Amino acid sequence: MFNRNTKNKIQQSLGTAKDAFAKSDQTAKDKLLFAFNVTFDVLKSLIYFIVVVFLFLGALGGGIGIGYFAYLVSDTPVPDKQELQNKINDVEQLSTITYAGGEKIADIRSDLIRTNVASDQISPLVKKALISTEDEYFDVHKGIVPKAVIRALVSDATGLGGSSGGSTITQQLVKQQVLTSETSYKRKANEIVLAMRVEKFFSKDEIITSYLNVSPFGRNNKGQNIAGVQEAAKGIFNTTADKLNLPQAAFIAGLPQSPISYSPYLNTGELREDQSLGLERKDQVLYNMYKEGYITKQEYDDAKNYDLTQDFKPSEDVTDNVNGYLYDYTYDQAIKILMPIYYEADGLKTEDLTNNDKLSSKYYDIAARELRRDGYTVQTTIDKTVYEAMQNATANYAGMFIGDYGIETSSVLLDNQTGRIISFIAGRDFNQNKNNHAFTTRRSPGSTIKPILAYAPAIDAGLIGSESKLSNFSRKYKGDDSDKDLMNYSRQPSTGFESARQALKMSDNVPAVELYLELLKVADPKEYYDKMNMTMTDSDFYGVESIAVGGTTKGPTNLEQTNAFATLANKGSYSQGYSIEKITDNNGNIIYQHEVKPVSVFSPATASIMNDMMRDVITSGTGTMSKNTLASMGSGLTNADWVGKTGTSENNGDYWFIASTPKVSLSNWIGYSDAVIPMDAAYGQNNMQLWAYIANAAYEANPALFGITERFTLDPSVIHAEVSDFSGQKLGTAMVEGSTWTVPGKKIESLWAKTGPSATQFRFGMGATDAQYLKTWNDSYVKPKAPAKTTPSSSTNRTNSNVTNNVTEKKDDEDD
């Protein structure tokens, strides 16, 4: 055991250690407490700082937000009660379309079928259904629900939470009836201000009644677009708004969210095969009514289980009168003219809408709505007496010349200098066929494309003159059409060469194709088409050869065709065809005035040469029936200086005739409306006869239009050159098979727009093989002179050798 001293020492050591441990534990506690206090103080300061920062940012953000909101609405006009009442109740000012002389064509009808009713003529069930679904706080808010607006803004900014919208019924009413074209944030800001103003002036019942009277509700059983609860009740359930039962009321109240999708009817008036979307929407509305306490659980169950499809009204045909081609076309053109007012206000450009159907449709609808309701007067370019005369001529003579077997016709009468559409024929009977064959139908142009696509560009480029020679030897197409024979309209094989003038006059196909292939080497014919706003694809121009004779994938409209011929008649200057002269508002202020903006397409020399050549088409070519018919009627138009061109598409599917005087151009097309169906070959002549009767009717209605005393003349810049009628090139000598030949033929005049003719070459024309050229030379019966006596090293022999070698090489290429 330990002694006392040892024991005392041990106890003393233990005491010392205990004290040391106690001091150490106190030190740790002190340190821990110190660290906690420091950490707490730091966190407390940080929290205070964050709170201060958030308060500062909130105040700053609120200030910025209020400032930005104030900026957005700073230029918003503040409407008075009467203005708001007119807007929200859709009190429209009637808009009108007139002829050129001011006579009324028609009042612009609304695309929506609407009947307003008073509040007591609307079932309370519809109002409750609408409130429970669209705006549960309707009875208590002052036009907006702030938290809903904030939620919508956050959702819009972050992309989270879906598209809640945040719009009250009042806001929706303002958006539909007062606002139109503002951009999103500006529109939202104005919507808020105006919604609060509406709430200031009108009672809740007035607001919901207005909403139910103006909102779209899809389609009725005739396929018509309907607005207002009364038309919805009548057109869907064959009842009135005050007699709707609960499931019917719930169905109608659900429609405004997506009227077309939920509608039970198609645009034809037929019932949809699948009506589930609308019925599911109806069930959701019923649930909302139950949730908000508007109906009991039993009423909810009964209404949900009710077979609503038995109440849908059977489909019916529309019996309303329509205004026809003239109204539809000019109304559409007026809308398109007004569209830029609205999309430019939103900072958009035309190209932004070009390939965006959704955006284009949006602004089309906006412009249409404003046109219907703002008291505009749309003055067209259409001459009333001429238009009526042309319609009567078509009604009286179309049956005589093209029968009653579904063949349609269209015409456009255009002022060459301005592009003003004086009159048109869009079809034979609007009630039978609503296709507008003058402005929207696209068909193969047949040979009427030749002057525009081949001859005029070739003359403009200095490639040919009026008497230049083109191959008329039958051959096969190349490229994609290589399995087809390239032959003339007569279907008879042809031999030899003919002048450009003769080829155009007789509308031969082979020369046009040969010319077009040469043209592609020196010029781009599409540039001419683009300047005249003609719509054709690149594959048309640079693909197969058949484009030169009208083989297009899309084809032009009648207006585009007529406009192109008017360009030649107007000295090569294009003025785009137009039908709206001006649009004025209800106070007579001019909203739109058409401006003629000429575009130089062909040189004046080219245009005048083409008119000189196309005169032959009428006097002694394929178009003689037109003038002969005018003469047989004793028409004063016989004395006019007509130039023009005929056209027939493949398999006689389309017949065209377009002719111009120095003042106007008039076209006529016949064919089947929705398909290319072969017609009798005699119809080409019949079409020209119908054209003549239409032309004469227009002339008798307004003789001054045609300028029968005016004449086409050659432009002073035209080059008058002496050429051989054999080669179309200069007279003199040419090297043929190493010998000097005298160029055969007599001297004639050839018209050139530039460069002039060259010396006659062995290959004097365009197209054909060397063997065909050689045969043509030999058939000329001109004996060659004896070869010049020169040494083999002479330049003459070198030239002869080169010509012979080139001929051989080209012949080998042809054989390959």
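These numbers come from a predicted model, not from an experiment.
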Yes or no on salt bridge (charged side-chain N to carboxylate O under 4.0 Å, His left out) for R420 and E581, after CA distance, side-chain angles and deciding distance? CA-CA 8 Å; R420 179 170 72 95; E581 191 64 57; 5.6 Å; no
I'd like to know if the side chain of T168 reaches the main chain of G143, judged simply by a donor and an acceptor atom lying under 3.5 Å from each other, with no hydrogens or angles considered. yes
So, does S132 use its side chain to make a donor-acceptor pair with the main chain of A129 at under 3.5 Å?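 Such a contact is found between S132 side chain and A129 backbone.
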Using the six-membered ring of Y387, assess whether NZ or CZ of K384 lies under 6.0 Å from its centre and within 45 degrees of the ring axis.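 Geometry flag: not set, cation outside 6.0 Å or 45°.
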Please say whether the positively charged group of K204, taken as NZ for Lys or CZ for Arg, lies over the ring of F138, i.e. under 6.0 angstrom from the six-membered ring centre and within 45 degrees of the axis. yes
Taking the six-membered ring for Trp, are the ring centroids of [X] and [Y] within less than 6.0 Å of each other?
X    : Y    : answer
F439 : F424 : yes
Y327 : Y331 : yes
Y342 : Y363 : no

What is the ring orientation for Y290 with Y300, classed by angle as parallel under 30°, tilted 30 to 60°, or perpendicular over 60°? parallel
After noting the C-alpha distance and the side-chain angles of T394 and Q391, does the key distance pass the side-chain contact (heavy atoms from CB on, under 4.5 Å) rule? CA-CA 5 Å; T394 302; Q391 308 311 307; 5.5 Å; no
For L371 against A334, the heavy-atom pair lying closest together: CD2-CB, 3.9 Å
Exceeds 12 heavy-atom contacts within 6.0 angstrom, atom CD of Q310: yes
Answer yes or no: does atom CG of N589 have more than 12 heavy-atom neighbours from other residues, nucleotides or ligands under 6.0 Å? yes
So, do [X] and [Y] sit near enough that their side-chain heavy atoms are less than 4.5 Å apart?
X    : Y    : value
K282 : L308 : yes
L338 : I591 : yes
N586 : Y376 : no
P264 : R272 : no
R219 : N267 : yes

When rounded to the nearest 0.5 angstrom, what is the spacing between [atom1] in [X] and [atom2] in [Y]?
X    : Y    : atom1 : atom2 : answer
I97  : I382 : CD1   : CD1   : 11.0 Å
L194 : T170 : CG    : OG1   : 11.5 Å
K128 : N288 : NZ    : CG    : 15.0 Å
L130 : I208 : CG    : CD1   : 4.5 Å

State whether K127 and D205 are salt-bridged, where the test is any N-O pair (Lys NZ or Arg NE/NH1/NH2 against Asp/Glu carboxylate O) under 4.0 Å. yes
Under 4.0 Å between a Lys/Arg side-chain N and an Asp/Glu carboxylate O for K297 and D301? yes
